[in-house]
Trainee: 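Pasting a structure below so you can have a look.
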Amino acid sequence: MNSKKLTLSVVLSVFLSLFACKSFAIQSENETVKEKNAKEEVFNPTTAILEHIGDSHYWHVGGELSFPLPVIIFTDGGLETFSAAEFHHGEAAYQGKYHTYKLVEDKIRVVDANGAVDKEASHHIYDFSITKNVVALWIAGILLLVIFFAVAGGYKKRTGKAPKGLQSFIEPIILFVRDEIARPNIGYRYQKYMPILLTIFFFIWMNNLLGLIPIFPGGANVTGNIMLTFMLSFVVMLIVNFSANKYYWKHIFMPDVPLWLYPIMIPVELIGVISKPFALMIRLYANISAGHIIVLSLISLIFIFKSLWTSVVSVPFVVFMDVLELLVAFLQAFIFTMLTALFIGTAVEEHHH
């Protein structure tokens, strides 16, 4: 009983610490903004929240401290590379080889001699910069490689023995994906798709968890970026359709309905091929972004009312939301993987007379 109380106390302490870090990060950024713009007296929660959940050319740590990231852009003149430090947090323009550039709402734009945005020239800029989300993806990838190489090494050294250490934590999760996701939805061919299902599950889960940590190496809203969820869904669509057998395509192009319904059913089935992964994309993006927005909104109440007494209400709700976000982080990884397995299962299902 004492050990349970101790565990609960530790968990609550961790979340209170995370809340303090989040509050400090928002307060530090707000102070920085106020120093840069003395005219701004009212705290704007929309700007603060969008800055936190959006991508950036800087990795903000706190206060004045931030790491500028490499800028890589293709223009109508050619390739340009430089550091985001040249922008001085959007306050200054940078004279490149081909154009003068400036950060406008964290987007790189071409400006003229007077500092006005040149919309025509800006349309020809293709930004391939290493942004905060890109670095966060690399960090998540490195962590996953370290974890799974360590687990694989443990299996080689301890062949036939019970799992130990990190193995004992990872193995039940792998078995869960196999027994609760892959086998029921795909059938006897599940082993062929286990690598991609495990990759999707752990990739989403790791990025979701890192997104809940308000300080480096966390804090990036990777799975709340619609371009990342689009690419994940696009990969799922390719896997499903390249794995599909003739019965799957027959159901789409020659459905078991009267001929006069074909002009209706075939377009509907073809739309379904795209709408299924599209639903995956929107579900993951919306759920992760919504969680971050709610937590940041609750913290913002302290700065809107400019009273520490507001924290008496907002802090418990933030702690509750952080605990709920831990569940959501796992749940969204599970749902995305399960639906992926379900779509693959429908594509490879054998025809029964």
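Only a predicted model underlies this, so the values are computations on that prediction, with no experimental measurement involved. This chain uses plain numbering: 1 for the first residue, then up along the sequence.
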Trainee: So, taking the atom named CD1 in Ile196 and the one named OG1 in Thr340, what distance separates them when rounded to the nearest 0.5 Å?
Mentor: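 Spacing of CD1 (Ile196) from OG1 (Thr340) equals 8.5 Å.
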Trainee: Answer yes if Val318 and Val313 sit in the same cluster of Ile, Leu, Val, Met, Phe, Trp and Tyr residues linked by side chain heavy atoms under 4.5 Å apart, and no otherwise.
Mentor: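 Yes: a chain of side-chain contacts under 4.5 Å links Val318 to Val313.
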Trainee: How far apart are the C-alpha atoms of Val348 and Tyr193, what are their side-chain angles, what is the distance that settles it, and do they pass the side-chain contact (heavy atoms from CB on, under 4.5 Å) test?
Mentor: CA-CA 11 Å; Val348 301; Tyr193 301 97; 3.6 Å; yes
Trainee: Find the distance between NE2 (His99) and OG (Ser122) and round it off to the nearest 0.5 Å.
Mentor: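 These two atoms lie 8.5 Å from each other.
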Trainee: Quick one: which residue pairs count as a salt bridge (charged side-chain N to carboxylate O under 4.0 Å, His left out) with a foot in residues 112-140, not counting sequence neighbours?
Mentor: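 Applying salt bridge (charged side-chain N to carboxylate O under 4.0 Å, His left out) to every pair that reaches into residues 112-140, excluding sequence neighbours, yields nothing.
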Trainee: Please check if the side chain of Asn221 supplies one atom and the backbone of Gly54 the other of a donor-acceptor pair under 3.5 Å.
Mentor: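 Checking the backbone N and O of Gly54 against the side chain of Asn221, no donor-acceptor pair under 3.5 Å is found.
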Trainee: Let me confirm one number: the CG-OG distance from Leu301 to Ser314, rounded to the nearest 0.5 Å.
Mentor: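 Leu301 CG to Ser314 OG: 6.0 Å, rounded to 0.5 Å.
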Trainee: Any donor-acceptor pair under 3.5 Å linking the side chain of Asn245 with the backbone of Glu349?
Mentor: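 Present.
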Trainee: Any side-chain heavy atom of Arg283 within less than 4.5 Å of one from Gln332?
Mentor: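 Side chain of Arg283 against side chain of Gln332, heavy atoms only: contact under 4.5 Å found.
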Trainee: Would you check if the side chain of Thr75 reaches a backbone N or O of Gly77 as a donor-acceptor pair within less than 3.5 Å?
Mentor: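 At least one qualifying donor-acceptor pair exists.
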Trainee: Do Glu171 and Tyr155 have a side chain donor and acceptor closer than 3.5 Å?
Mentor: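 A pair is found: one side chain offers a donor N or O, the other an acceptor, under 3.5 Å apart.
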Trainee: Can you tell me if CZ on Phe148 sees more than 12 non-hydrogen neighbours from other groups inside 6.0 Å?
Mentor: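 Enclosed: over 12 neighbouring heavy atoms sit under 6.0 Å from CZ of Phe148.
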Trainee: Begin with the C-alpha distance, continue with both residues' side-chain angles, and end with the deciding distance and a verdict on side-chain contact (heavy atoms from CB on, under 4.5 Å) for Leu280 and Leu232.
Mentor: CA-CA 9 Å; Leu280 287 179; Leu232 283 173; over 6 Å; no
Trainee: Taking C-beta and beyond as the side chain, do His57 and Ile108 meet within less than 4.5 Å on heavy atoms?
Mentor: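 The answer is yes; the side chains approach within 4.5 Å.
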Trainee: Ser129 and Ile73: which non-hydrogen atoms are nearest, and at how many Å?
Mentor: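 So the minimum-distance heavy-atom pair works out to OG-CG2, 4.4 Å.
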Trainee: Which atom pairs, donor and acceptor, lie under 3.5 Å between side-chain atoms of residues 323-330 and protein residues at least two apart or in another chain?
Mentor:
none

Trainee: Give the cluster check for Tyr262 versus Met265: same hydrophobic cluster or not, with ILVMFWY residues linked at side-chain heavy-atom distances below 4.5 Å.
Mentor: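 Yes, one cluster joins them.
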Trainee: Is there a donor-acceptor pair under 3.5 Å between the side chain of Tyr58 and the backbone N or O of Ala84?
Mentor: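 Pair found, side chain donor or acceptor close to backbone of Ala84.
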Trainee: Parallel under 30°, tilted from 30 to 60°, perpendicular over 60°: which one fits the rings of Trp249 and Phe253?
Mentor: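 Judged by the thresholds at 30° and 60°, the geometry between Trp249 and Phe253 is parallel.
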Trainee: Taking all heavy atoms of Phe203 and all of Leu144, pick out the closest pair and write down the distance.
Mentor: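 For Phe203 and Leu144, the tightest heavy-atom pair comes out as CA-CD1, 3.8 Å.
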Trainee: Say whether Met206 and Ile173 are linked into one hydrophobic cluster, either directly or through other cluster members, by side-chain heavy-atom distances under 4.5 angstrom.
Mentor: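 Same hydrophobic cluster.
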Trainee: What are the two closest non-hydrogen atoms of Gln167 and Pro172, and how far apart are they?
Mentor: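 Heavy atoms only, the tightest pair is O-CD, 4.2 Å.
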Trainee: What are the two closest heavy atoms between Arg178 and Tyr190, and how far apart are they?
Mentor: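 Heavy-atom minimum between the residues: CG-CE1, 3.5 Å.
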Trainee: List the atom of Leu69, the atom of Ser56, and the distance in Å for their closest heavy-atom pair.
Mentor: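 Looking at all heavy atoms of both residues, the closest pair is CD1-O, 4.0 Å.
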Trainee: Kindly compute the distance separating OG (Ser243) from CZ (Arg189), expressed to the nearest 0.5 Å.
Mentor: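 Output value for this atom pair is 9.5 Å.
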Trainee: Below 4.5 Å, heavy atoms only, C-beta onward: do Ile282 and Ile226 meet side chain to side chain?
Mentor: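 Sidechains of Ile226 and Ile282: in contact.
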Trainee: Would Ile239 end up clustered with Met281 when hydrophobic side chains under 4.5 Å apart are linked, directly or stepwise?
Mentor: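 No; tracing contacts between hydrophobic side chains, which count when under 4.5 Å, never links both residues.
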Trainee: To the nearest 0.5 Å, what is the distance between NZ on Lys276 and CG on Leu339?
Mentor: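 CG of Leu339 is found 10.5 Å from NZ of Lys276.
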Trainee: With rounding to the nearest 0.5 angstrom, report the OH to CD distance, Tyr98 to Gln95.
Mentor: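 Between atom OH of Tyr98 and atom CD of Gln95 there are 12.5 Å.
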Trainee: So, using salt bridge (charged side-chain N to carboxylate O under 4.0 Å, His left out) as the criterion, who are the partners of Asp179 when residues are at least two apart?
Mentor: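 So Asp179 forms a salt bridge (charged side-chain N to carboxylate O under 4.0 Å, His left out) with Arg183.
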Trainee: Do side-chain atoms of Ser233 reach the backbone of Phe278 as a donor and acceptor pair under 3.5 angstrom?
Mentor: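 Checking the backbone N and O of Phe278 against the side chain of Ser233, no donor-acceptor pair under 3.5 Å is found.
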Trainee: Does Phe169 have more than 12 heavy atoms from other residues, nucleotides or ligands lying within 6.0 Å of its CZ?
Mentor: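 No, the 6.0 Å shell around CZ holds no more than 12 heavy atoms from other groups.
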Trainee: Run the numbers on Asn207 and Leu228 for side-chain contact (heavy atoms from CB on, under 4.5 Å), then give the verdict.
Mentor: CA-CA 11 Å; Asn207 280 291; Leu228 178 100; 5.6 Å; no
Trainee: Mind checking whether Ile288 and His292 have side chains closer than 4.5 Å, heavy atoms only?
Mentor: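 In contact.
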Trainee: In terms of relative ring orientation, are Phe230 and Phe234 parallel, tilted or perpendicular, with 30° and 60° separating the classes?
Mentor: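 Judged by the thresholds at 30° and 60°, the geometry between Phe230 and Phe234 is parallel.
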Trainee: Would you indicate whether the side-chain heavy atoms of Val268 and Ile271 approach each other to under 4.5 Å?
Mentor: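 Side-chain contact under 4.5 Å: no.
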Trainee: Please confirm whether the backbone N or O of Asn133 pairs with a side-chain atom of Asp55, one donor and one acceptor, at under 3.5 Å?
Mentor: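 Here the side-chain-to-backbone pair exists.
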Trainee: Just wondering, do Phe317 and Ile294 contact through their side chains at under 4.5 Å, heavy atoms?
Mentor: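 Of all side-chain heavy-atom pairs linking Phe317 with Ile294, none is under 4.5 Å.
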Trainee: Restricting to non-hydrogen atoms, name the atom on Ile53 and the atom on Leu296 that form the minimum distance, rounded to 0.1 Å.
Mentor: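 Closest pair (atom of Ile53, atom of Leu296, distance): CG2-CD1, 3.9 Å.
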Trainee: Does any non-hydrogen side-chain atom of Val257 lie less than 4.5 Å from one of Ile264?
Mentor: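 Ile264 does not reach Val257 side chain to side chain.
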Trainee: Below 4.5 Å, heavy atoms only, C-beta onward: do Val135 and Ile130 meet side chain to side chain?
Mentor: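 In contact.
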Trainee: Check whether the ring centres of Phe82 and Phe87 lie less than 6.0 Å apart, and answer yes or no.
Mentor: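 Yes, close enough.
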Trainee: Step by step, would you call Asn208 with Thr223 a side chain to side chain donor-acceptor pair (under 3.5 Å)?
Mentor: CA-CA 6 Å; Asn208 286 351; Thr223 43; 2.5 Å; yes
Trainee: Has Thr100 got a side-chain atom pairing as donor or acceptor with Tyr94's backbone, closer than 3.5 angstrom?
Mentor: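 Judged by distance alone, no pair lies under 3.5 Å.
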Trainee: Are Asp322 and Val295 close enough, and set up right, to give a side-chain contact (heavy atoms from CB on, under 4.5 Å), and what steps lead you there?
Mentor: CA-CA 7 Å; Asp322 276 333; Val295 170; 4.2 Å; yes
Trainee: Report whether Val71 and Leu79 are members of the same hydrophobic cluster (ILVMFWY, side-chain heavy atoms less than 4.5 Å apart, transitive linking).
Mentor: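 In one cluster: no.
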